[in-house]
Amino acid sequence: MAPGLDGRRALRSAPASSLLAAAKSPALVSAGLLAASRICDNLSAMEPAAGQDPYLNHWADAAAAKTLAAHADAKVVTVAAGITPSGVVHVGNFREVITVDLVARALRDRGADVRFIYSWDDFDVLRKVPADMPQRDMLNDNLRRSISAVPDPYGEHDSYAGHNIAAFEKSLAPLGIQPEFIRQSQRYRAGAYAEGIRLALKHAADIRAVLNSVRDKTTANTRLEDGWLPLSGFCDNCGRDTLAFAVQDEWTVHYDCSACKHAADVDLRQGGNLKLPWRIDWPMRWAHERVCFEPGGKDHSTAGGSFDTAKDIVRVVYGWQAPEYVGYDFVRIKGRAGKISSSKGDVVTVSDCLEIYEPEVLRWMFVSFRPNTEFQISFDLDVITLYENFDRTRRIAYGVEPAKDAQARLVAQRTMQLASVDHRRIGEGDVLPFVPGFRHLSMTLQIFEGDLDKTVAYYAEAGQINGDESRRLTRQRARCVWNWIAEWGPDEFRYQLRREPKLRELSADEATCLARLLAPLRGREEIREDELVPTMKTLCEGTGLDNKTFLPVVYDLLIGRDKGPKLTTLITAIGPARALSLLAPSLPAGT
RNA sequence: GGGCCCGUAGCUCAGUCGGUAGAGCAACGGACUUUUAAUCCGUGGGUCGUCGGUUCGAUCCCGACCGGGCUCACCA
């Protein structure tokens with residue numbers, strides 16, 4: 001398996017099956033009725049209570065309704081995400097976070113007091129060195145140590161885990177996602193989970209029974225022995241997880257390290273390097289933080305998976321109920337060139353995506369697809385279509401483009417609100433901030449050779465920028481478009497203005513047409529696009545040419561190709577003077 | 001082998017508290033033409049995987065089956 005794919009195992013996904021199971025529980029039945037009444041309720045439209053508002057009809061709203069139904073008495077609704085930074089944290093892992101973020105927003109929209117925690121499971125062991133990491137020898141020497149204790153191979157952060165964590169947290173900021181980050185290594189070492197560990201040890205037999213009930217169904221059939229303890233951890237001396245445990249008393253555990261022969265007694269209340277194994281760690285933290293909602297990748301959701309055993313353990317050992325669950329599917333990548341994958345790895349990070357996708361568009365993708373739907377993130381020509389679809393949804397939300405019906409507009413508005421960075425709701429009378437289309441920007445950017453200031457100024461001078469937000473968005477998109485052109489744009493999409501004019505011999509007809517084209521440009525400092533349109537319509541009248549046969553001549557003189565961006569826009573953008581300088585030299589004298 | 005999810009127009013996906021279904025793209029037709037897979041208008045296209053059951057009525061509920069995916073030691 002490619003190293004990039006290895007990260008998938010660290011994905012905390014919940015299975016779709018859990019959705020079904022949830023739908024059968026009593027709490028969910030009431031949630032379902034709620035949803036039903038929401039849709040059919042056109043009688044009490046005078047007082048759209050939360051939960052009946054057709055605006056709140058997104059899948060995140062449904063998840064929020066279920067969560068509230070199951071935790072009606074919770075003063076604070078805690079929602080949780082968690083990822084293991086055992087390698088580069090990629091855009092697939094991001095689905096965990098964005099899913100929680102969307103549900104958190106939906107909960108707040110219903111008036112809930114929400115706590116959004118993000119658990120960095122950085123107290124895990126380094127089992128394998130990902131293929132795209134530097135300093136492989138050093139990392140190999142650190143196998144079986146906690147990733148929070150392994151040095152950062154880049155030498156920038158406190159640890160291997162810290163490096164991966166920092167990169168991902170940084171990429172979340174522009175997306176408007178601001179959870180409360182918790183590093184499990186710090187919590188465990190500080191003794192915060194002492195009571196959780198004590199209870200696990202006290203109920204070791206129950207835990208064994210739960211885990212063995214799963215194992216009994218496998219062909220491997222490796223039952224946990226009676227002496228097995230729900231513990232793991234790292235040697236205080238050598239840092240490896242090669243420990244054997246024995247319980248001394250309620251709060252004290254003895255261990256022997258098989259690697260360095262170190263032995264010690266650990267008082268759980270003092271903290272230290274002991275922890276619970278994943279299948280117990282997860283439910284312990286549900287109870288500890290009183291988690292009401294947490295998604296999971298589909299690898300966690302199936303019967304016998306970690307969610308399955310965790311929901312039993314949390315009830316039996318910790319007296320808490322498993323959180324509401326949404327399972328999410330994988331995100332795939334399309335359009336990465338095969339060549340670079342070997343050197344860069346298959347991993348695509350959120351930062352990589354933000355080079356091409358503006359934050360709202362990236363969010364929008366995750367908002368649009370139901371969590372249990374697998375989808376692809378593209379870097380090829382699909383990017384254009386995606387932006388165009390996003391813009392259309394945006395126009396519908398603002399009422400600039402007619403929606404099929406009122407509900408369709410509400411859906412567009414809700415979608416755009418959830419996709420927005422600041423969660424601002426679009427209301428009646430709000431003015432759509434102008435943002436150039438992706439295709440148009442790709443052209444103007446190339447005219448200005450990637451100069452963002454000039455590009456934005458161009459739209460401002462054309463009178464299209466309508467406010468600070470419009471200006472900010474235009475600049476932001478321009479940056480993305482330019483990145484895309486530079487790295488992903490096909491050759492047909494790229495062009496460059498000639499720096500020196502080309503002299504081309506023209507036929508009589510061609511000279512005539514070119515002269516007509518240039519006439520309105522002479523003596524002008526600038527010209528508007530609509531002023532050129534009449535010229536274009538009559539350009540070839542009375543000659544043996546038409547636009548289709550003549551324009552390639554013009555494109556050749558301007559950009560050295562036989563076709564290119566819409567000519568009126570091109571000329572308008574470069575200005576009459578520059579156009580004349582490239583085109584006029586080929587005109588025969590006296591024309 | 002056990003379990004779960006998915007299977008809706010050519011493609012990517014919505015949707016239906018059960019009353020024979022939609023979007024975008026693609027296709028086709030037309031208009032326009034100011035040519036980077038330009039734009040605009042319009043049209044066609046689905047027995048909602050198969051077979052049964054419940055129902056006045058199922059694509060939506062239940063069962064079986066087929067196909068695809070995932071999962072069932074440890075680690076997360």
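Scope of the values below: all heavy atoms of this structure, side chains included, with no hydrogens, waters or symmetry mates.
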In whole angstroms, how far is the [atom2] atom of [N] from the [atom1] atom of [X]?
| X | N | atom1 | atom2 | answer |
| --- | --- | --- | --- | --- |
| A:Leu381 | B:A26 | CG | P | 12 Å |
| A:Tyr555 | B:U35 | OH | P | 5 Å |
| A:Ile384 | B:U39 | CD1 | P | 10 Å |
| A:Arg285 | B:A76 | CZ | P | 10 Å |
| A:Asp556 | B:U36 | CG | P | 17 Å |
| A:Glu374 | B:G69 | CD | P | 11 Å |
| A:Ile527 | B:U34 | CD1 | P | 16 Å |
| A:Trp364 | B:G24 | CH2 | P | 12 Å |

Can you tell me which nucleotide in [options] comes closest to the side chain of [X]?
| X | options | result |
| --- | --- | --- |
| A:Asn372 | B:C5, B:U36, B:U34 | B:C5 |
| A:Met443 | B:U33, B:U36, B:C5 | B:U36 |
| A:Arg215 | B:U34, B:A76, B:C74 | B:C74 |
| A:Phe369 | B:U34, B:U35, B:C13 | B:C13 |
| A:Thr373 | B:C72, B:U36, B:C13 | B:C13 |
| A:Lys563 | B:C74, B:U34, B:U36 | B:U36 |

Would you measure the distance from the [atom1] atom in [N] across to the matching atom in [M] and give it in whole Å?
| N | M | atom1 | answer |
| --- | --- | --- | --- |
| B:G30 | B:C66 | C1' | 44 Å |
| B:C6 | B:C60 | C1' | 15 Å |
| B:U20 | B:U59 | C1' | 8 Å |
| B:C75 | B:C70 | P | 23 Å |
| B:A31 | B:G69 | P | 47 Å |
| B:G44 | B:U8 | P | 23 Å |
| B:U43 | B:C48 | C1' | 22 Å |
| B:C41 | B:C5 | P | 42 Å |

Parallel under 30°, tilted from 30 to 60°, perpendicular over 60°: which one fits the rings of [X] and [Y]?
| X | Y | result |
| --- | --- | --- |
| A:Trp488 | A:Phe379 | tilted |
| A:Tyr118 | A:Phe168 | tilted |
| A:His440 | A:Tyr458 | parallel |

Name the nucleic acid region contacted by [X], choosing base, sugar-phosphate or nothing; use a 4.0 angstrom heavy-atom cut-off, strictly under.
| X | answer |
| --- | --- |
| A:Gln376 | nothing |
| A:Pro277 | sugar-phosphate |
| A:Thr385 | nothing |
| A:Leu551 | base |
| A:Gln446 | base |

- Query: Under 5.5 Å between ring centres and under 30° between planes: does that hold for A:Phe493 against the base of B:U36?
  - Reply: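 Check passed, A:Phe493 stacks on base of B:U36.
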
Opposite nucleotide pairing with [N], Watson-Crick or G-U, both atom distances under 3.5 Å:
| N | value |
| --- | --- |
| B:A58 | none |
| B:G1 | B:C72 |
| B:G67 | B:C6 |
| B:A27 | B:U43 |

- On RNA chain B, check which nucleotide each of A:Asp562 and A:Ser306 is closest to and give me the residue with the more 5' one.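 In this pair, the answer is A:Asp562.
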
- Message: Quick check: on RNA chain B, is the nucleotide nearest A:Asp382 upstream (toward 5') of the one nearest A:Ser368, or the reverse? Name the residue that is more 5'.
- Response: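 So the residue in question is A:Ser368.
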
- Compute the centroid of each ring, for A:Phe493 and then for A:Trp484, and state whether the two points are separated by less than 6.0 Å.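 Between A:Phe493 and A:Trp484, the centre distance is under 6.0 Å.
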
Report yes if a side-chain nitrogen or oxygen of [X] is closer than 4.0 Å to either non-bridging phosphate oxygen (OP1 or OP2) of [N]; otherwise report no.
| X | N | result |
| --- | --- | --- |
| A:Asn389 | B:C25 | no |
| A:Arg392 | B:C25 | yes |
| A:Lys548 | B:A38 | no |
| A:Arg370 | B:A14 | yes |
| A:Arg279 | B:C74 | yes |

- Item | For A:Glu96 against A:Tyr328, the heavy-atom pair lying closest together |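 In terms of heavy atoms, the two residues are closest at OE1-OH, 2.5 Å.
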
- Item | Closest approach of A:Ile207 to A:Trp228 (non-hydrogen atoms, all atoms of both residues) |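 Scanning both residues completely, I find the closest heavy atoms to be CG2-CZ3, 4.1 Å.
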
- Query: Only one of A:Val100, A:Ile98, A:Thr99 forms a side chain to side chain contact (heavy atoms under 4.5 Å, CB included) with A:Leu102, so which one is it?
  - Reply: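 That would be A:Ile98.
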
Could you pull out every donor-acceptor pair under 3.5 Å between side chains of residues 564-576 of chain A and any protein atom, sequence neighbours left out?
{"from": "A:Thr568", "atom 1": "OG1", "to": "A:Glu529", "atom 2": "OE2", "distance (Å)": "3.0"}
{"from": "A:Thr569", "atom 1": "OG1", "to": "A:Glu529", "atom 2": "OE2", "distance (Å)": "2.7"}
{"from": "A:Thr572", "atom 1": "OG1", "to": "A:Thr568", "atom 2": "O", "distance (Å)": "2.5"}

